[in-house]
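To start, the structure itself, in structure tokens.
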Amino acid sequence: MKHISDRTQRGMSAVLAGKIGGWRSRLLFAGPAIIASVAYMDPGNYATNIQAGAGYGYKLLWVVLLANLIAMLFQALSARLGIVTGKNLAELSRDNFSRPVVWIMWAVSEVAAMATDLAEFLGGAIGLSLLFGFPLMAGMVITAIITYAILMFERHGFRPMELIIGAFVSVIGLCYLAEILIAEVDWIAAAAGMAQPSLPDTAALTIAVGIIGATVMPHAIYLHSGLTQARAVVRSEDERRTVLRFSNSEVIVALAVAGMVNMAMVMMAASAFHQGHSEVAEIETAYHTLTPLLGAAAAGVFLISLIASGISSSVVGTMAGQMIMQGFLRIRIPIWVRRLVTMVPAFAVVAAGVNATQALVISQVILSIALPVPMIALIIFVSRREIMGTFVVSPLVRVLAVIGATAVLSLNFVLLADVFGVTFPFLASP
């Protein structure tokens with residue numbers, strides 16, 4: 001597959017050579033972070049954000065902010081790895097770890113890809129089912145057809161896919177802009193919620209664990225390094241530094257947008273549900289409750305954003321799965337086979353009659369188990385001078401990455417323990 005067109009490559013070369021400049025020149029390098037940012041707006045985030053806003057108003061917005069900062073760091077490191085080495089995280093793992101470790105990493109990552117697709121497929125299907133009155137299985141079939149049709153554009157390279165995913169991200173962002181304009185947001189309370197960390201009770205701690213613990217997505221870490229590995233042809237270390245600077249700027253902007261969308265979800269739920277409907281925790285309940293509270297327009301916009309989230313994140317998940325298999329095993333299968341393999345579990349869950357929200361929770365548990373694999377591998381590689389050369393991360397960045405990984409993985413452990421019924425004194429009900 002040709003990653004980007006010759007015309008775009010020529011434009012990038014002209015920018016790196018200093019022949020053209022300005023903010024528009026940066027758009028030539030934009031795309032990878034936009035695609036990766038979809039992972040932070042997928043349907044798996046909806047239920048957690050709704051529960052946070054409904055139960056605690058604006059008080060947990062600081063958790064969303066913290067989670068977003070951790071996500072920015074790891075996506076920037078993933079992009080850095082691809083730009084500097086010309087290889088993605090899966091390829092580097094294959095080249096540097098023993099064969100048994102590589103097989104285990106691949107197997108765990110494949111399971112994570114299926115779990116990711118489960119959440120994304122269900123989100124799109126739930127949205128279509130509620131918006132048009134379809135049975136959930138019909139929504140699944142329609143979601144499958146749409147995502148497969150979009151994936152066909154991948155044969156033309158990354159740029160068409162980046163434009164399509166960027167359009168979906170814009171739809172999600174505009175939907176939540178509309179939501180917070182329709183809802184009566186208490187902006188002073190929202191600002192306080194972002195600036196003043198607090199956990200009102202032990203149940204709030206559990207929700208905070210869910211927000212942070214499921215933030216950094218395994219497939220997004222793998223994918224970002226692959227999207228940047230052969231994007232721009234660099235001829236010197238100075239040009240590579242320029243590409244890294246552009247990449248870091250894009251990560252900040254794209255993940256900031258994703259963070260604002262998540263904050264808007266919490267603010268909408270806080271405004272609509274906190275007073276009188278604090279028990280709302282499921283997507284379907286949120287939709288049915290929104291209609292009488294904020295009107296049919298607000299409820300419809302909510303579903304449109306959910307459908308856009310489900311479809312776009314499912315497309316990105318398939319791209320990541322393809323890259324993971326190719327990187328670990330040097331195998332590339334037809335995209336329709338890849339699409340079929342990852343969506344079969346989602347159809348099986350719906351056919352079995354499993355509650356949709358319960359299925360989303362199960363998918364997050366599986367992702368929590370898989371997350372240490374790419375996070376730890378990424379920190380190892382970006383810290384090795386023999387791999388990164390002069391672009392090895394500084395001791396400060398390394399410390400921040402270790403702290404971020406420790407926080408996320410520890411909270412994931414708490415989340416898993418809570419799901420399996422293991423109680424901790426600090427999570428016990430008063």
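Residues Phe97 and Phe381 place their aromatic rings such that the two centres sit under 6.0 Å apart.
Rounded to the nearest 0.5 angstrom, Leu136 CG and Met140 CE are separated by 6.5 Å. Interatomic distance, Met388 CE to Ile83 CD1, rounded to the nearest 0.5 Å: 9.0 Å. With values rounded to the nearest 0.5 angstrom, Ile331 atom CD1 is found 10.5 Å from Gln322 atom CD. With rounding to the nearest 0.5 angstrom, the OH atom of Tyr56 is 9.0 Å from the CG atom of Leu199. Rounding to the nearest 0.5 Å gives a distance of 11.5 Å between OG of Ser312 and CD1 of Ile146. Rounding to the nearest 0.5 Å places NE2 of His219 at 8.5 Å from CD1 of Ile324.
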Quiz: residues 170-177 side-chain donor-acceptor pairs under 3.5 angstrom, not counting sequence neighbours:
from: Ser170; atom 1: OG; to: Gly166; atom 2: O; distance (Å): 2.9

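Summarising the geometry of Leu371 relative to Met217, their closest heavy-atom pair is CD1-C, 4.3 Å, with the distance given to 0.1 Å. Between Tyr222 and Ser109 the shortest heavy-atom distance is OH-OG, 2.9 Å. Nearest heavy atoms, Phe302 versus Met268: CD1-CE, 4.0 Å. Scanning both residues, Met263 and Val64, for their nearest heavy atoms gives CG-CG1, 3.8 Å. Nearest heavy atom pair, residue Ala204 against residue Leu60, reads O-CD1, 4.2 Å. Nearest heavy-atom pair across Leu118 and Ala346 is CD1-CA, 3.6 Å.
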Test side-chain contact (heavy atoms from CB on, under 4.5 Å) applied to Gln75 and Ile221, step by step: CA-CA 6 Å; Gln75 293 305 141; Ile221 297 178; 4.1 Å; yes
Stepwise side chain to side chain donor-acceptor pair (under 3.5 Å) check, Tyr148 with Thr318: CA-CA 9 Å; Tyr148 180 72; Thr318 303; over 6 Å; no
Candidate pair Val392 and Arg384, rule side-chain contact (heavy atoms from CB on, under 4.5 Å), full reasoning: CA-CA 6 Å; Val392 65; Arg384 285 186 179 177; 6.0 Å; no
Tyr58 vs Met267, side-chain contact (heavy atoms from CB on, under 4.5 Å): CA-CA, chis, key distance, verdict: CA-CA 6 Å; Tyr58 306 96; Met267 288 190 283; 3.9 Å; yes
Steps toward side-chain contact (heavy atoms from CB on, under 4.5 Å) verdict (Phe121, Phe347): CA-CA 9 Å; Phe121 244 83; Phe347 275 93; 3.9 Å; yes
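Not a single donor-acceptor pair under 3.5 Å links the side chain of Ser410 to the backbone N or O of Ala407. Without hydrogens or angle criteria, Ser313 side chain to Asp42 main chain gives no donor-acceptor distance under 3.5 Å. In this structure a side-chain-to-backbone donor-acceptor pair under 3.5 Å is present from Ser37 to Ile34. Judged by distance alone, the side chain of Ser309 and the main-chain N or O of Ser305 form no donor-acceptor pair under 3.5 Å. At distances below 3.5 Å, at least one donor-acceptor pair connects side-chain atoms of Thr228 with backbone N or O atoms of Ala79. Side chain of Glu250 to main chain of Phe246: no donor-acceptor pair is present (N/O by atom type, distance under 3.5 Å, no hydrogens or angles). Side chain of Gln229 to main chain of Gly86: a donor-acceptor pair is present (N/O by atom type, distance under 3.5 Å, no hydrogens or angles). A side-chain donor-acceptor contact under 3.5 Å links Ser129 to the backbone of Phe134.
Counting heavy atoms from C-beta on, the side chains of His224 and Ile35 never come closer than 4.5 Å. Under the 4.5 Å side-chain criterion, counting only non-hydrogen atoms from C-beta, Glu120 is not in contact with Thr143. Counting only heavy atoms from C-beta outward, the side chains of Leu255 and Tyr40 approach each other to under 4.5 Å. In this structure, the side chains of Leu92 and Asn88 stay at 4.5 Å or more apart for every pair of heavy atoms. Residues Ser271 and Asp186 are not in side-chain contact: their nearest non-hydrogen atoms beyond the backbone lie 4.5 Å or more apart. At a threshold of 4.5 Å between non-hydrogen side-chain atoms, the residues Ile150 and Phe168 count as touching. Inter-residue side-chain proximity for Met265 and Ile50 is flagged as unmet; no heavy-atom pair is nearer than 4.5 Å. Between Val382 and Phe391, every side-chain heavy-atom pair lies at or beyond the 4.5 Å cut-off.
Among residues two or more places apart in sequence or in another chain, the side chain to side chain contact (heavy atoms under 4.5 Å, CB included) test is passed with Ile145 by Val141.
A donor-acceptor contact closer than 3.5 angstrom is absent between the side chains of Glu91 and Gln326.
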